[in-house]
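On a predicted model such as this, the values are computed, not experimentally measured, just so you know.
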Amino acid sequence: KSAVQFAGDSRIESGPTPPSLSGVHVINLGRYGETSAQLLARLDSDIIEREPRLVVLQTGINDLKAMGVFRTRSEEIAENCWLNLRRIIDRLRSRGIPVVVLTIFPVGDIRPLRYPIWSNDTLTAVAEINERLLTLEEPGVQVVDCDPILAKAGRMRGDYVVDDFHINE
């Protein structure tokens with residue numbers, strides 16, 4: 001039980017390498033394109049079975065950006081994302097695994113190529129889910145608000161952005 005696991009989507013997988021900690025093995029279990037439902041489906045086999053000492057979680061944007069494709073289902077998509085986040089957190093807590101939840105990172109400026117499949121409902125949903133996350137006050141759960149560092153006027157700060165959704169080192 002000496003592992004810190006980072007779990008989530010491409011924002012975890014491609015994110016900065018965490019600092020080395022003496023005696024602690026850090027594992028990056030992020031996956032490009034993964035939704036919260038997909039992370040929930042692999043939670044037991046890929047994460048819990050490894051018996052981590054701590055999980056750092058950042059997921060949800062791939063769920064929410066689907067609002068641009070399924071425009072009439074925005075509320076349903078946002079609620080399902082929230083419920084999946086709750087299920088992930090609850091399952092980790094039920095196994096005695098502390099979890100650090102990073103709020104959903106802000107989105108950068110959307111490129112024109114993405115306009116046909118983009119909805120600003122995504123921005124609203126990110127803000128609403130983050131507000132809900134920030135109200136969590138449960139043993140074994142620490143929520144880190146990433147906006148004060150990453151956001152400017154509700155969008156990803158230009159000096160941190162790689163593309164529409166990803167941050168640089």
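We find that Arg71 and Asp121 are not joined by a salt bridge, their nearest charged nitrogen and carboxylate oxygen being 4.0 Å or further apart. In summary, Arg95 and Glu49 do not engage in a salt bridge, as defined by a charged side-chain N under 4.0 Å from a carboxylate O. The pair Asp9-Lys65 does not meet the salt-bridge criterion, since no charged nitrogen lies less than 4.0 angstrom from a carboxylate oxygen.
Rounding to the nearest 0.5 angstrom, the gap separating the CD atom in Glu128 from the SG atom in Cys81 is 11.5 Å. If you take NE2 on His25 and CZ on Arg53, they are separated by 14.0 Å, rounding to the nearest 0.5 Å. The distance from the CG atom of Leu136 to the CG atom of Leu85 is 9.0 Å, given to the nearest 0.5 Å. Separating the CG atom in Asn130 from the OG1 atom in Thr135 is a distance of 11.0 Å, to the nearest 0.5 Å. Interatomic distance, OG of Ser74 versus CD of Glu79, reported as 13.0 Å (0.5 Å rounding).
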Could you walk me through whether Leu57 and Ile12 pass side chain to side chain contact (heavy atoms under 4.5 Å, CB included), step by step?
CA-CA 8 Å; Leu57 174 68; Ile12 288 292; over 6 Å; no
Leu64 vs Ile129, side chain to side chain contact (heavy atoms under 4.5 Å, CB included): CA-CA, chis, key distance, verdict:
CA-CA 10 Å; Leu64 302 179; Ile129 289 174; 3.9 Å; yes
Could you please spell out the steps behind the salt bridge (charged side-chain N to carboxylate O under 4.0 Å, His left out) verdict for Arg111 and Asp163?
CA-CA 8 Å; Arg111 295 171 291 170; Asp163 59 26; 5.3 Å; no
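Val161 and Leu102 end up in the same hydrophobic cluster when Ile, Leu, Val, Met, Phe, Trp and Tyr side chains are linked at under 4.5 Å. Linking Ile, Leu, Val, Met, Phe, Trp and Tyr residues whenever their side-chain heavy atoms come within less than 4.5 Å places Val107 and Leu133 in a single cluster. By the criterion of side-chain heavy atoms lying less than 4.5 angstrom apart, applied directly or through intervening Ile, Leu, Val, Met, Phe, Trp or Tyr residues, Leu83 is grouped together with Phe70 in one hydrophobic cluster. Ile61 is connected to Tyr115 through a chain of hydrophobic side-chain contacts under 4.5 Å among Ile, Leu, Val, Met, Phe, Trp and Tyr, so both are in one cluster. Under the 4.5 Å side-chain contact rule for hydrophobic residues, Ile110 and Val162 do not share a cluster.
Heavy atoms of other residues, nucleotides or ligands lying less than 6.0 angstrom from CD of Glu75 number 12 at most.
When side chains are defined from C-beta on, Arg31 does not count as touching Gln38, because their heavy atoms never get closer than 4.5 Å. The shortest side-chain heavy-atom distance between Met67 and Arg73 does not fall under the 4.5 Å cut-off. When side chains are defined from C-beta on, Val101 does not count as touching Ile88, because their heavy atoms never get closer than 4.5 Å. Using a 4.5 Å cut-off on side-chain heavy atoms (C-beta onward), Arg42 and Leu29 make contact. A 4.5 Å side-chain heavy-atom check between Trp82 and Ser36 finds every atom pair outside the cut-off.
Distance alone, capped at 3.5 Å, is enough to place a donor-acceptor pair between the Arg11 side chain and the Phe165 backbone. For the pair Gln58 (side chain) and Gly8 (backbone), a donor-acceptor distance under 3.5 Å is absent.
Closest non-hydrogen pair, Val126 versus Phe105, comes out as CG1-O, 4.3 Å. The two residues Leu92 and Ile48 have their closest heavy-atom pair at CD2-CG1, 3.9 Å. Here the closest non-hydrogen pair linking Ala125 and Ala78 is CB-CB, 4.1 Å. Minimum heavy-atom separation, Ala37 to Asp63: N-OD2, 4.3 Å. Between Arg157 and Asp159 the shortest heavy-atom distance is NH2-OD2, 2.6 Å.
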Under 3.5 Å, which donor-acceptor pairs do the side chains of residues 139-155 form with other protein atoms, sequence neighbours left out?
residue	atom	partner	partner atom	Å
Asp145	OD1	Asp147	N	3.1
Arg155	NH1	Gly108	O	2.8

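When Thr35, Thr59, Asn84 are each tested for a side chain to side chain contact (heavy atoms under 4.5 Å, CB included) with Leu40, only one passes: Asn84. Between Val4 and the choices Val100, Val55, Val24, Asn28, the side chain to side chain contact (heavy atoms under 4.5 Å, CB included) rule is met once, by Val24.
Contacts of Arg114 classified as salt bridge (Lys or Arg N to Asp or Glu O under 4.0 Å), with partners at least two apart in sequence or in another chain: Asp164.
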